[in-house]
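First up is the structure itself, then whatever we jot down about it.
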Amino acid sequence: MHFHGLRHTGNTLAASAGASIRELMERMGHSSTRAEMIYQHSTDERQREVARKLDGLARGALGERSGTQRAREPDEAE
């Protein structure tokens with residue numbers, strides 16, 4: 001294991017933990033956002049986490065009922 005490998009792993013884990021690009025830049029001493037994009041790996045678990053958070057936001061905006069649930073309800077105008 002080389003120092004660079006440890007450094008890369010540490011920054012990848014920090015990114016997975018939710019560190020922003022600005023925070024990653026500060027941790028690594030980089031002045032360019034381009035370098036930090038290397039550490040922004042997309043994992044299946046992270047995709048599920050993003051989907052769960054979006055679902056929570058959408059459900060909050062809809063009052064916990066999905067569009068499908070609302071569509072299945074009888075029309076109140078009838």
Side-chain angles (χ1 to χ4, degrees):
M1 181 63 79
H2 297 286
F3 176 74
H4 182 76
L6 292 172
R7 182 176 152 103
H8 180 86
T9 299
N11 225 29
T12 300
L13 292 172
S16 295
S20 69
I21 290 178
R22 174 58 62 195
E23 291 165 332
L24 295 173
M25 287 174 62
E26 189 173 319
R27 288 173 55 88
M28 298 295 282
H30 293 156
S31 60
S32 157
T33 57
R34 184 175 181 194
E36 298 321 308
M37 295 308 290
I38 294 168
Y39 304 103
Q40 300 294 320
H41 301 287
S42 177
T43 63
D44 289 341
E45 180 54 36
R46 181 69 178 144
Q47 291 297 330
R48 284 189 291 275
E49 181 181 341
V50 169
R52 282 191 298 270
K53 288 181 179 182
L54 289 173
D55 181 63
L57 290 171
R59 287 181 186 277
L62 296 172
E64 296 299 321
R65 297 177 314 160
S66 72
T68 301
Q69 290 168 327
R70 287 194 325 273
R72 290 181 178 163
E73 293 174 356
D75 189 4
E76 292 180 18
E78 292 180 15

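The basis for the numbers below is simple: all heavy atoms, side chains too, and nothing from hydrogens, waters or symmetry mates. What you see is a predicted model; the values in this text were computed from it and never measured.
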query = Could you give the distance from CD1 (Ile21) to OG1 (Thr33), rounded to the nearest 0.5 Å?
reply = 6.0 Å
query = How many angstroms lie between atom CZ of Arg7 and atom CZ of Arg27, to the nearest 0.5 angstrom?
reply = 10.0 Å
Glu26: side-chain contact (heavy atoms from CB on, under 4.5 Å) partners, not counting sequence neighbours = none
note = dist Leu57:CG -> Arg52:CZ (nearest 0.5 Å) comes out at 13.5 Å
task = Calculate, to the nearest 0.5 Å, the distance between atoms CG and CD belonging to Asn11 and Glu23 respectively.
result = 11.0 Å
request  = Check salt bridge (charged side-chain N to carboxylate O under 4.0 Å, His left out) between Arg48 and all other residues, then give those that pass, not counting sequence neighbours.
outcome  = Glu45
